[in-house]
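Bear in mind the structure is a predicted one, so any value in this text is a computation, not a measurement.
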Amino acid sequence: MNDALLTGVLAEVEYRREELQRAGRSVWVDRARQASKRIRARRAEVQVPAQQRREAGQVPARSGEITR
């Protein structure tokens, strides 16, 4: 019985170690993706126009049929 318990505990430890490794790797991958997005955005030098607020009397933006 003692060997079975030890085997179960070792299996649990190995499982949790792998999960922690995967979680750490995914954080690293996310940070790398964010950094690469920032670098690509700077290289592209895309100019985004400032948003304009529409007043109540203006015609709404075209996004299909308007139902009221």
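- Salt bridge status for Arg16 with Glu19: absent, with no side-chain N to carboxylate O gap under 4.0 Å.
- In this structure, the separation between CD on Glu18 and CD on Glu14 is 4.5 Å, given to the nearest 0.5 Å.
- Scanning for salt bridge (charged side-chain N to carboxylate O under 4.0 Å, His left out) contacts around Arg31 gives an empty result, with sequence neighbours left out.
- For the atom pair CZ (Arg38) and CZ (Arg33), the distance works out to 14.0 Å, reported to the nearest 0.5 Å.
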